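Read through the structure below, which is laid out as structure tokens, and then see the notes.
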Amino acid sequence: MSLLELHSVSKRFGGLVANQGVSFAVDASQIVGLIGPNGAGKTTTFNCVAGFYAPTSGTITLDGRTISGLPPEDCARAGIGRTFQVARTFTSMTTGENVLAAALLHQKRVAAARVEALGWLAFVGLERLADRPAASLTISEQRRMAVARALAIEPRVLLMDEVMAGLNPSEVREMVAVVLRIRERGIACLVVEHVLEGIMPIADRIVVLDRGMKIADGTPAEVSSDPAVISAYLGDEG
């Protein structure tokens with residue numbers, strides 16, 4: 001049994017089918033890339049896994065326990081952490097307070113939560129910015145802070161939604177290093193990413209969605225040479 005499993009997950013919004021029969025699995029200590037053209041249904045899949053949406057049909061399990069349909073706070077307690085496509089920052093708080101707020105999900109004492117928050121900030125290379133207003137962070141720093149905040153809830157699976165978007169090449173390398181360190185901690189990573197040069201070299205597997213359906217699932221080499229994937233990204237002529 002894999003750690004995270006999606007079984008024929010579909011999500012409809014009225015007449016719009018955002019996901020249709022999506023099935024794949026993520027093992028512990030594994031990096032799985034979730035890619036596809038714009039509108040392929042990647043973020044909807046994340047929202048179903050994290051509890052923001054209940055699937056219209058199908059099931060999602062975490063270590064054998066059904067979590068589909070649970071609210072986001074219960075999915076978080078079960079072990080699902082996530083970041084968002086657009087960094088969501090408490091701008092009136094410091095960088096450290098942003099992460100501390102997440103640590104309080106499991107830590108009952110503020111002092112203990114503060115220690116944990118500082119540890120995760122150090123993990124992503126932002127310990128020196130703990131007392132800086134979060135509103136003053138660069139895009140790269142905001143994305144790393146978001147990862148630290150997601151890690152502070154002690155996830156077993158971390159959903160990372162375009163954490164490399166908008167970063168320059170050196171910042172992409174920094175984020176790649178963070179993702180690899182997360183895997184070393186035994187945490188599974190499911191990564192939605194358009195920066196393919198960031199995710200392809202480090203992913204154990206790649207799952208490709210197109211028009212809400214899974215069209216490929218394999219190693220980066222297998223997926224990158226799949227005619228269906230090439231067609232989805234470049235069109236039939238490509």
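Basis for what follows: all heavy atoms, side chains included, without hydrogens, waters or symmetry-related copies. Note that the coordinates shown come from a computational prediction; the quantities given were computed from them, not determined experimentally.
- The side-chain contact (heavy atoms from CB on, under 4.5 Å) check on A177 picks up R181, with sequence neighbours excluded.
- The distance from the CE atom of M164 to the CD atom of E193 is 5.0 Å, given to the nearest 0.5 Å.
- At a threshold of 4.5 Å between side-chain heavy atoms, the hydrophobic network of Ile, Leu, Val, Met, Phe, Trp and Tyr places V26 and I60 in one connected group.
- The closest side-chain heavy-atom distance from V192 to M160 is not below 4.5 Å.
- Residues satisfying the side-chain contact (heavy atoms from CB on, under 4.5 Å) test with V115, not counting sequence neighbours, are none.
- For S2, the side-chain contact (heavy atoms from CB on, under 4.5 Å) criterion is met by E5, A25, D27, not counting sequence neighbours.
- T89 has its side chain within reach of N98: a pair of non-hydrogen atoms, C-beta onward, lies under 4.5 Å apart.
- Within the 4.5 Å cutoff, the side chain of V147 has heavy atoms near those of the I182 side chain.
- Among pairs with a residue in residues 164-174, those fulfilling salt bridge (charged side-chain N to carboxylate O under 4.0 Å, His left out) read R144-E174, at least two apart in sequence or across chains.
- For R77, the salt bridge (Lys or Arg N to Asp or Glu O under 4.0 Å) partners at least two apart in sequence or on another chain are D74.
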* To do: Go through the steps for I35 and M200 under the test side chain to side chain contact (heavy atoms under 4.5 Å, CB included), then give the verdict.
  => CA-CA 10 Å; I35 69 172; M200 283 293 193; 4.1 Å; yes
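- Distance check: C189 SG to L158 CG gives 5.5 Å after rounding to the nearest 0.5 Å.
- Under the 4.5 Å side-chain heavy-atom criterion for ILVMFWY residues, no single connected hydrophobic cluster contains both V124 and L100.
- The CE atom of M213 sits 5.5 Å away from atom CD of Q20, with the distance rounded to the nearest 0.5 Å.
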* Asked: What's the verdict on side chain to side chain contact (heavy atoms under 4.5 Å, CB included) for I67 and T61, showing C-alpha distance, side-chain angles and the deciding distance?
  -> CA-CA 6 Å; I67 61 170; T61 61; over 6 Å; no
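- L121 and G96 get closest at one heavy-atom pair: CD1-CA, 3.8 Å.
- Closest non-hydrogen pair, L3 versus A188, comes out as CD2-CB, 4.1 Å.
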* side chain to side chain contact (heavy atoms under 4.5 Å, CB included) evaluation trace for K42 with H194 -> CA-CA 11 Å; K42 304 181 296 296; H194 282 295; 3.8 Å; yes
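- When the side-chain contact (heavy atoms from CB on, under 4.5 Å) test is applied to A203, the partners found at least two apart in sequence or on another chain are I31, I199, I206, P220.
- When the side chains of ILVMFWY residues are joined at heavy-atom separations under 4.5 Å, either directly or via intervening members, M145 and I187 end up in a single hydrophobic cluster.
- Follow the hydrophobic side-chain contacts under 4.5 Å out from V163 and you reach I202 in the same cluster.
- Listed by first and then second residue, the side-chain hydrogen bond (donor to acceptor under 3.5 Å, both in side chains) pairs involving residues 121-132 amount to none (not counting sequence neighbours).
- The shortest side-chain heavy-atom distance between V191 and V32 does not fall under the 4.5 Å cut-off.
- Follow the hydrophobic side-chain contacts under 4.5 Å out from L159 and you never reach V195; the two are in separate clusters.
- You'll find the side chain of T43 reaches within 4.5 Å of the side chain of Q85, heavy atoms only.
- Within the structure, every pair that satisfies the salt bridge (charged side-chain N to carboxylate O under 4.0 Å, His left out) test and touches residues 204-216, not counting sequence neighbours, is listed here: R183-D204, R205-D217, K214-D217.
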* Output, in order, the C-alpha distance, side-chain angles, deciding distance and verdict of side chain to side chain contact (heavy atoms under 4.5 Å, CB included) for V99 and L118. => CA-CA 8 Å; V99 182; L118 290 173; over 6 Å; no
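- Applying the ring-ring contact (aromatic ring centres under 6.0 Å, His included) test to residues at least two apart or on different chains, the pairs with a partner in residues 9-39 are F13-Y53.
- Environment of CG in L180: crowded, with over 12 heavy atoms of neighbouring residues, nucleotides or ligands closer than 6.0 Å.
- Closest of all the heavy-atom pairs between V9 and P55 is CG1-CB, 4.0 Å.
- Looking at residues two or more places apart in sequence or on another chain, you find a ring pair (Phe, Tyr, Trp, His ring centres under 6.0 Å) between F123 and W120.
- Looking only at side-chain heavy atoms (C-beta outward), S10 and R12 come within less than 4.5 Å of each other.
- Considering all non-hydrogen atoms of both residues, A113 and A103 come closest at O-CB, 3.7 Å.
- Across every non-hydrogen atom of I153 and G81, the tightest pair is CD1-CA, 3.6 Å.
- Counting only residues at least two apart or in different chains, ring-ring contact (aromatic ring centres under 6.0 Å, His included) contacts with residues 58-100 comprise F52-F84.
- Considering all non-hydrogen atoms of both residues, C48 and K11 come closest at SG-CB, 4.1 Å.
- Side-chain N or O atoms of S68 include none that pairs as donor or acceptor with a backbone N or O of T59 at under 3.5 Å.
- If you take CZ on R109 and CG on L104, they are separated by 11.5 Å, rounding to the nearest 0.5 Å.
- In this structure, the side chains of L190 and L34 come closer than 4.5 Å at one or more pairs of heavy atoms.
- With rounding to the nearest 0.5 angstrom, the CG atom of L4 is 5.5 Å from the CD1 atom of I80.
- Distance check, rounded to the nearest 0.5 Å: CG of L129 to OG of S136 gives 7.5 Å.
- The shortest side-chain heavy-atom distance between I215 and L209 does not fall under the 4.5 Å cut-off.
- Sorted by first then second residue, the salt bridge (charged side-chain N to carboxylate O under 4.0 Å, His left out) pairs that include residues 151-168, not counting sequence neighbours, are D63-R156, R82-D161.
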